[in-house]
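A short worksheet on the structure shown next.
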Number of protein chains: 2
Amino acid sequence: MDGDTITRPTLSDVAARAGCSPSTASLAFSGTGPVSDATREKVLAAAKELHYAGPDPRARSLRRGRSGIVGVVIDDRVSEAFRDPVNIAMLDGVSEAIGEIDAALLLLTAGAGSDKPVSLETAPLDAVVLFGCSTTLERSISMLTQRGIPAVVIEGDAGENVPEIALDNREATRLGAEHLRELGHERVGIVVLPLAPDRARGALTEERAASSAVATATERLAGARDVFPDAAGVVASGSYLDEGLIAGRELLTATPRPTAIIAQSDLLAAGVIRAAEELGLRVPEDLSVVGFDGVRVDGLDYDLTTLVQPSQAKGRAAGEAIVRMLAGEHPSSVTFTSTFHRGATTAPPRVAD
Amino acid sequence: MDGDTITRPTLSDVAARAGCSPSTASLAFSGTGPVSDATREKVLAAAKELHYAGPDPRARSLRRGRSGIVGVVIDDRVSEAFRDPVNIAMLDGVSEAIGEIDAALLLLTAGAGSDKPVSLETAPLDAVVLFGCSTTLERSISMLTQRGIPAVVIEGDAGENVPEIALDNREATRLGAEHLRELGHERVGIVVLPLAPDRARGALTEERAASSAVATATERLAGARDVFPDAAGVVASGSYLDEGLIAGRELLTATPRPTAIIAQSDLLAAGVIRAAEELGLRVPEDLSVVGFDGVRVDGLDYDLTTLVQPSQAKGRAAGEAIVRMLAGEHPSSVTFTSTFHRGATTAPPRVAD
DNA sequence: TAGTTTAGTCGAATCGATTCGATCGAATCG
DNA sequence: CGATTCGATCGAATCGATTCGACTAAACTA
């Protein structure tokens, strides 16, 4: 009404109108320091009249040295990363933990395509959570430490001073594999998560296994190989049901056919089961399937035998580590353990095959 | 090595070491303005020696008036909002569009719990996308306009100058309903998306329908009622398969049983189909089901008859609107249209029922 | 050769708030 | 009553970069 100027009012404007100095106005707004009730009200009234919406976050964050923003780096595009409930749960955990210091999450993609995650350099970040980003990880971390921005890595090879939120991938998978061996299985197939950022699909060769850049997949593979050293494997191009279907078809049409399949995620396992159904195989009578993650796969009728990992807790732990780092502490790495869930998708192999 | 001081180097430090003024150093870094190659190299060398990682985003954004951050407001917690692929697709669209101006996404939750979305006030945002946030919407928008931060609303009642990305919810649902009527259906049930931020589950009463705060649900409901004015309805507490299952059970155990169900989302539809299977009903012979969204529901064996909406495009459009607003333009609202997909979950009702 | 352009550099103001130390009046205390 | 606190307020420095106008020297035009 009273002359909308193009420029927004500043705290000084408010102070001028309230008849006090900017410093006092600042104190009145932030609640820090002693300010008389009369003055505070005058300032607030002036602010209302001028349609002043509170201090500019940019200026405030420059002065305070904090922006209240925590970055989350994923190396897919958004739609890919969030197809897996595990990632969503982790993100949720992070969000919850850092919400306690009123921070918000900045979603950053460090796609294989873009050479540098431009935003990592240019965003006003207080801290960063790296979601097991394979290749770009090293570069990202060195940049962050140079900037003095604390970082936490979830399942990835972190550097010296970077706390890591880890999972007992190898031991857990071994547990699942041993379960299969105890049931009597000998011919086992493995559906492997992507081993390289290019997400190439295809049979698992020694060469590919050796040059893997993704810790999670490698560790789970090692766990399976601990029990079944020469199990055949197929690498999927992502943790999706469709990929499990493709991989399952491939493994199940080989001769001799495996009697059990270890999938590195529940979504992959669900796909494998679908493939088995397609081929007229019954689960678990004709084929045992073990998954990983312990997520509810919508639409899967089976109670999946799997390794339940605490995804949300992992995210939460990452968030809490960040909160503590911002408070000046030096949290140490944490390793979470998965628990074996004996579902209805594993059984002894058929005697006469 | 050479004395790690606690404070990070600033551009002035670099300039001092390079033997030039801060202004020149700034030019050398940003690439703006004429700088001799010799000077540029000196500056870059000095930066490297001092482990200077580039200008501080906080200071830069204060001066430039831009932070490169676009907020996305969802009114659930992260894990809820991203269970529906539609939301993920939209987010992906936004992310893609604003990626072109090298902006990143800040995830903000305006949960029903927190009185004020604290981050909306305190985050350095250039613009905001509001994901059809029911109640908090008005307050959020007024706060943003006061701040001078441009906003775009996806499926929600935006204010005067706020562009809206809309969908033909009513017309599309009517199309689906008419399809059912043409097949001969008369007793139709509706599974309704949450009508209020409290996400209360239960039978659809006129009262609840009238006091709805969520545009999408209301519009789709109206479309169904255009064709079947007195169809029974059940309100779900979210767009999840489980909720569809619960709602489906309720609708399908009523007498007389409906011969068709219109679900307001594909996930709900999948749940309804599951409920039908539980009750020994065949789809589409005993029950026709129409969904909405056109997402692939993992694990659903049916080719769902549904209304396919361009989720990703909607997000993209929102992102593009933001880009244009940041460029000083005034993009107008856009309404997207859904296309009817005749799948295999609808058929004429059984003659003798 | 005088006059004009131009590339390169610099100084200083600016973005908008926060914060430390100083100040001043009033109230308290010995 | 003089000295000491304490509460309220203000001034000025600061956060770290960007940017505009000014200035210098070299190159070019007539």
Side-chain angles (χ1 to χ4, degrees), chain A residues 5-43 46-47 50-68 121-126 146-149, chain B residues 5-43 46-47 50-68 121-126 146-149:
Chain A
T5 46
I6 301 178
T7 57
R8 303 277 130 200
T10 74
L11 188 53
S12 300
D13 298 337
V14 173
R17 188 175 183 96
C20 68
S21 74
S23 34
T24 305
S26 172
L27 296 183
F29 255 98
S30 65
T32 328
V35 180
S36 73
D37 293 345
T39 314
R40 188 196 321 285
E41 276 170 35
K42 266 197 297 182
V43 171
L50 265 54
H51 300 294
Y52 178 73
D56 184 328
R58 284 177 281 260
R60 169 199 288 261
S61 82
L62 170 59
R63 185 68 242 255
R64 299 241 257 226
R66 285 277 170 86
S67 63
E121 300 177 322
T122 59
L125 300 168
D126 288 349
Q146 200 173 132
R147 266 232 143 77
I149 298 177
Chain B
T5 48
I6 302 178
T7 57
R8 305 277 128 200
T10 72
L11 188 53
S12 300
D13 299 337
V14 174
R17 187 175 183 98
C20 67
S21 73
S23 33
T24 306
S26 172
L27 296 183
F29 255 97
S30 66
T32 329
V35 180
S36 73
D37 292 346
T39 312
R40 188 196 322 284
E41 276 170 34
K42 265 197 298 182
V43 171
L50 263 52
H51 300 295
Y52 177 74
D56 183 328
R58 282 178 281 261
R60 171 200 287 262
S61 80
L62 171 59
R63 186 67 242 251
R64 297 242 261 225
R66 284 278 170 87
S67 62
E121 299 179 322
T122 58
L125 301 168
D126 287 349
Q146 199 172 134
R147 266 231 142 76
I149 299 177

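Chain identifiers are assigned alphabetically (A, B, ...) following the order of the sequence lines, protein sequences preceding nucleic acid strands; residue numbering begins at 1 within each chain.
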Mind checking if [X] touches a base, just sugar-phosphate, or nothing, with heavy atoms under 4.0 Å?
{"X": "Ser61(B)", "value": "nothing"}
{"X": "Pro55(A)", "value": "sugar-phosphate"}
{"X": "Ser23(A)", "value": "base"}
{"X": "Ser30(B)", "value": "nothing"}

Which nucleotide in the set [options] lies at the smallest distance from any side-chain heavy atom of [X]?
{"X": "Ala59(A)", "options": "dT18(D), dT9(C), dA17(C)", "result": "dA17(C)"}
{"X": "Thr10(A)", "options": "dA17(C), dT18(D), dC10(D)", "result": "dA17(C)"}
{"X": "Arg63(A)", "options": "dA13(C), dA17(C), dT9(C)", "result": "dA17(C)"}

Using whole Å, report how far [atom1] of [X] lies from [atom2] of [N].
{"X": "Leu27(A)", "N": "dA12(D)", "atom1": "CG", "atom2": "P", "answer": "17 Å"}
{"X": "Arg66(A)", "N": "dT14(D)", "atom1": "CZ", "atom2": "P", "answer": "22 Å"}
{"X": "Arg8(A)", "N": "dA17(C)", "atom1": "CZ", "atom2": "P", "answer": "13 Å"}
{"X": "Lys42(A)", "N": "dA8(D)", "atom1": "NZ", "atom2": "P", "answer": "14 Å"}
{"X": "Arg40(A)", "N": "dA8(D)", "atom1": "CZ", "atom2": "P", "answer": "9 Å"}
{"X": "Leu11(B)", "N": "dC10(C)", "atom1": "CG", "atom2": "C1'", "answer": "14 Å"}
{"X": "Phe29(A)", "N": "dG16(C)", "atom1": "CZ", "atom2": "C1'", "answer": "13 Å"}
{"X": "Arg58(A)", "N": "dT18(C)", "atom1": "CZ", "atom2": "P", "answer": "14 Å"}

In the structure shown, which nucleotide is the Watson-Crick or G-U wobble counterpart of dT6(C), with both distances under 3.5 Å?
->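 Checking every strand shown, dT6(C) finds its partner in dA25(D), with both distances under 3.5 Å.
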
Starting at [atom1] of [X], measure out to [atom2] of [Y] and round the result to the nearest 0.5 Å.
{"X": "Ser12(A)", "Y": "Arg17(A)", "atom1": "OG", "atom2": "CZ", "result": "15.0 Å"}
{"X": "Leu27(A)", "Y": "Ser21(A)", "atom1": "CG", "atom2": "OG", "result": "8.0 Å"}
{"X": "Gln146(B)", "Y": "Glu121(B)", "atom1": "CD", "atom2": "CD", "result": "9.5 Å"}

Would you say a side-chain N or O of Tyr52(B) is under 4.0 Å from OP1 or OP2 of dA17(D)?
-> yes

Is the phosphate of dG8(C), meaning OP1 or OP2, less than 4.0 Å from a side-chain N or O of Ser36(B)?
->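 No, outside the criterion.
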
Please report the C-alpha distance between Val43(A) and Thr24(A) in whole Å, then the side-chain angles of each, then the deciding distance to 0.1 Å, and finally whether the side chain to side chain contact (heavy atoms under 4.5 Å, CB included) criterion is met.
-> CA-CA 9 Å; Val43(A) 171; Thr24(A) 305; 5.6 Å; no

Taking for Arg64(B) and for Gly33(B) the nucleotide of DNA chain C with the nearest heavy atom, the one nearer the 5' end belongs to Gly33(B)

Does Leu62(A) or Ser21(B) map to a spot on DNA chain C nearer the 5' end, using the closest nucleotide for each?
-> Ser21(B)

Please step through side chain to side chain contact (heavy atoms under 4.5 Å, CB included) for the pair Asp56(A) and Thr10(A), ending with a clear verdict.
-> CA-CA 8 Å; Asp56(A) 184 328; Thr10(A) 74; over 6 Å; no

Carboxylate-amine/guanidinium contact Asp126(B) Arg58(A), below 4.0 Å = yes

Confirm from the modelled atom types if Arg60(B) and dT18(D) form a donor-acceptor pair under 3.5 Å, side chain to base only.
-> no

